Structure formats: structure tokens, C-alpha cells
Amino acid sequence: MIKIYFDWNVLSQIKNGKHSELKEIISDNDKLFIPFSTSHIGDIFSSFKDTEEQNNYIKSDLSFISEITKNKCLMNTGKEVVLDFYPPEELFQQRIDEKDLFKDISLDGLMNVFEQDELTKPIGKALISLLKAIPLEESFKQAFENPESAKQMEQMFPGLSKNPTMEGFFQSFSKMNLNLNESDSYKDLRKTVQSGTGINRDRIYNSKNPYKIIDDKYKKLGVAPDQYIDNTKNAPEWFNEITNEYILLDMHGFQEDKINIGKGRKETFKNTTEDAFHSAFASTCNFYVINDNKSFLKTKAIYKKLNINTIVLKPSEFVEYYKNYLQINNPILNFRIPFEIIKSEEYYEEIMDDAVLRTYFVPFFFFGFFNKIMVLLPNDNSSSIILLSQNGPSNHRAYSMEIQRLYKELNSILGDDIDNLGEIKEVEFKQDEWIGRKWKIEDFTFRLTRPNGHFQLYFDQLETSEKPVANNV
């Protein structure tokens, strides 16, 4: 199945009558795998107001997400990004129930969290009493005493200079968190970062290479922009790396987000972080379809830097791509097109001891799954082996439902497998070595296998045939 991650802006526009051709493509299309994520819930929650009119509108948004995604949800567990089937309405209600839980993250506010459970109450009380007594590092105090840094420190940690303890730090951090997510304080913080590094916002905003500007400025300061960032906490390392890169670009002025707390939808640092999370979630899919130009350009810059091969497209670009490469209506073309590519397209060649391996990276998704062709040419002139493989997204994993649908595609063309194993069952994927499926037609065997965790389809020509593989097919 072809995995497509849609930004909420695109889904909202489809729901409201725009992108009619795109809607027709994705509606009830079983070749496509379309998930939503917890960040879609965050986007909708940002407009939450406890009024009947707003609640009805939100309910219709959540219902539309459920319809398009069939409740396939990507969520960050803190250790990994997992796929689960979860109604958007339930996740949204959880967000409402928890909305005030961590609003106050001072030590007193955290104590209130511990007091929710009698088992954690005494532990929390002892821990927080200990934290309150711990003094801050001397470097923090010196930063407040230095006239050059005092103003910036007060902006970042309001009130900390009056109480330079861990208690004061948590109180200050709570205020900073509230200011960033509920007010326009992020705008001031962003200006402070840009002026402190000497970055010209007007120069970097539309830059072709924003990372060069940022790196050059930090080299003069003698530090790296990501020197103090820990990518190993609260999410997989790759997830944190993408989100941190996103915020780094925005904070230094590249396609910086609008900050607005006036009438209408509130736009604060929270919106920027949700957009960063979208970019991370999207890296698990083949395509990221997004209509917000600022986020579009930031994501493309990040994916290029980190060598992430998820394809980022605007809605109209995806429609064109789908028509040209993904809409294979005649199943036999899944066999014919690869052989046409082998005869005419460029390839990467690897010389091995007993064979030559040629690899073709293609824009097609054969059988809705494979987008890489590999041809093994033995040196002894024996029959070549052709296989279809996956050049999957950098942070992808293949789900059982994808392979089950792939089997159905192959079964519709090749018939029943020769071992009569039939449809692929969920329990098979729990085995260390997957049994796979095999078909035989005239002089060929077709093998669906999973060597080294990668699903591949082999075309093997039997020794009894003297015809070239391409001619036989």
C-alpha cells in the first residue's frame, strides 16, 4: 500500500469542498494507506471553545478524519512511533480531559499531579521538597548578573532572578511554557535568538540554503546550533531530530511562522511544534501532502539535510504524480513496466565476485508496494534474477495489512500459491523467518519473501527455458 500523510490544512480544505480531484482519488481507495496522528488532534484542539457551535464543527472534523483514515493513528509512545486503530473522537476527548493537567508545571503544580493518586502522593511530596532545596548552577546566577545577558534571561526565565533555586526554575519554566503556548512570547524569543546570533531575518527567510547561514553564524560564535540538544528523550531519536531541526529553522527566521493571538484561530509556538511533529510523523510515509507553504519549505529543507526520502508535494502536485505513476489500472502493467524500465532506464551498478547487480529507483509503486527494481546478472551467463523491492521512507515499517493486500494483488494475477497457503495471516509475521508465498507459471517461479526484514518479489526463470526473461514475460 502507498502510505500518504496529509497535513490537517489539506484535509480541512478537502472537507470544505476544495481539491475535488484529490478527494476522488483518496476516497475508499484500498491501494492507499492514509493515517492520521495525534498532531491532527492537536491542530483541531487549538481552536477548541466550549460552545455548541464550535463543538459541532469539531465533531464533523473528527468524523471526516475517521472516514478518510479508517481510524489508523500514528502516535509517539515516548520510545517509538506506533500505529494503532483509534477513533479520533476518543483522542480528542482525552485531550480535553487532560488540558489543565500540566498547565502549571511549577513544583506546586506537579505536586497536584502526584496528589491525583494516593500511591504517588507521599513519593511526590518527598521528591518535590528535595527539589525545592536544591540551588541552581552558578552559571545561571552569573547570566542574570551580566548586563549583556540579563535581559534575554529574564525574557526566557521570567522571575527566576528573584528566586534562583530549583523551585524558582520550575515556576519560571511554567510561566515560559504558558507564555510560549498561549501568548505571543515566542515572537520575542525568536527575535532574541536572531539578534543574539547576528542572523538577518530578511536574508534567511527565503534563502536557498538556510543551514549555511545558520552554521556560518554559529561558527563565529564558536558553538554548534544543536550542541545542547538531546535527541534521545521523550521520543525516538529520529523523531526528535526532525522536530528540533524544524524549530531551529523557524526560530532563526527561515520561513518563520506567523504569531497571532488576536481574533480567530490563535497562532502561537504550539502551532509551530505541532507542524514540527507533522513533519516527523510524515517521514514514516511515502508521501507528505501539505499546502502550507512555510511548512512545505521547512520540511523539504529538513528532509534534504537528513536524507529522508519521503516525497513532499502540494495537493495539485500529488494529483499529477498519482495520474502519471500510481494509477496502474491494468494489473499486468505491474509486470510489463519493470521490463520496459530495465531495457531503457539508467541504473546503479554494483560489481560483485560472481555477478553484477543493477538497481533502478522508480517513481512507480508496482502492486501498490514496490518502487525499486533489482537485476542480478550472474557472470556464468546463467539466467538472470529480477526482483522488486521497496525504497521505503527513511523511518518506515511495513504493516501486516499492507502485505495482506499485496498478496491479494498477486493472487488476482498469478492465482493460488503452489503450496496452497492462501491468504497471509497475522500470526505469520511473529515468526523469525517468514514462510512467504510462491507461484509457478510456465517457465517462471515468483517468490514473495522477507530476507533481512525487507519484503521482495523475485522473478526466477527455470533452467529448462532458453528464452530471455523479458521476452518470456
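Please read these numbers as outputs of a predicted model, since none were measured by experiment.
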Inset, instruction - Show your reasoning for whether ring pair (Phe, Tyr, Trp, His ring centres under 6.0 Å) applies to Phe335 and Phe367. - result: CA-CA 9 Å; Phe335 291 108; Phe367 304 104; 5.3 Å; yes
Inset, instruction - Could you please spell out the steps behind the side-chain hydrogen bond (donor to acceptor under 3.5 Å, both in side chains) verdict for Lys212 and Ser207? - result: CA-CA 9 Å; Lys212 186 177 186 308; Ser207 171; over 6 Å; no
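A donor-acceptor contact under 3.5 angstrom links the side chains of Ser295 and Tyr246, judged on distance only.
For the pair Lys294 and Asp257, the salt-bridge criterion is not met [side-chain N within less than 4.0 Å of a carboxylate O]. A salt bridge between Lys323 and Glu21 is present, with a side-chain N of the basic residue lying under 4.0 Å from a carboxylate O of the acidic one. Checked for salt-bridge contact, Lys219 and Asp215 miss the test: no charged N lies under 4.0 Å from a carboxylate O. Ion pair Asp28/Lys70 flagged as a salt bridge, since at least one NZ, NE, NH1 or NH2 atom sits closer than 4.0 Å to an Asp/Glu carboxylate oxygen. Salt-bridge annotation for Asp419 and Lys438: absent, with no side-chain N of the basic residue lying under 4.0 Å from a carboxylate O of the acidic one. With respect to Glu402 and Lys3, a salt bridge is recorded, a charged nitrogen being found less than 4.0 Å from a carboxylate O.
The side-chain heavy atoms of Lys217 and Ile204, taken from C-beta on, include no pair separated by under 4.5 Å. In this structure, Leu410 and Arg437 have side chains that are not in contact, with every pair of non-hydrogen atoms separated by 4.5 Å or more. Residues Asn293 and Lys314 have side chains in contact (heavy-atom distance under 4.5 Å, counting atoms from C-beta outward). Within the 4.5 Å cutoff, the side chain of Val10 has no heavy atoms near those of the Phe318 side chain. Side chains of Trp434 and Leu448 form a contact here, defined as non-hydrogen atoms less than 4.5 Å apart. Taking the side chain as every heavy atom from C-beta outward, Asn76 and Thr38 never approach each other to under 4.5 Å. Within the 4.5 Å cutoff, side-chain heavy atoms of Leu248 are placed close to those of Tyr211. Within the 4.5 Å cutoff, the side chain of Val81 has heavy atoms near those of the Trp238 side chain.
Separation of the Phe6 and His19 ring centroids does not fall under the 6.0 Å cut-off. For Phe459 and Phe446, the ring centers sit closer than 6.0 Å to each other. The ring of Phe239 has its center closer than 6.0 angstrom to the ring center of Phe281.
Shown here is Asp353, whose CG atom has no more than 12 heavy atoms of other residues, nucleotides or ligands within 6.0 Å. More than 12 heavy atoms of other residues, nucleotides or ligands shown are found within 6.0 angstrom of CD on Gln327. Other residues, nucleotides and ligands contribute over 12 non-hydrogen atoms within 6.0 Å of the CD atom of Glu80.
Geometrically, Lys15 engages Tyr57 in a cation-pi contact defined by less than 6.0 Å to the ring centre and at most 45° from the axis.
One finds the CD1 atom of Ile2 at 6.0 Å from the CZ atom of Phe365 (value rounded to the nearest 0.5 Å). Between atom CG of residue Asp292 and atom CG of residue Leu297 there is a gap of 9.0 Å, rounded to the nearest 0.5 Å.
Ring orientation note: the planes of His252 and Tyr218 are nearly perpendicular, at an angle over 60° on the 30°/60° scale. Ring geometry for His40 versus His278: interplanar angle over 60°, hence perpendicular rather than tilted (30 to 60°). Using cut-offs of 30° and 60° on the angle between ring planes, the pair Tyr288 and Tyr303 is tilted.
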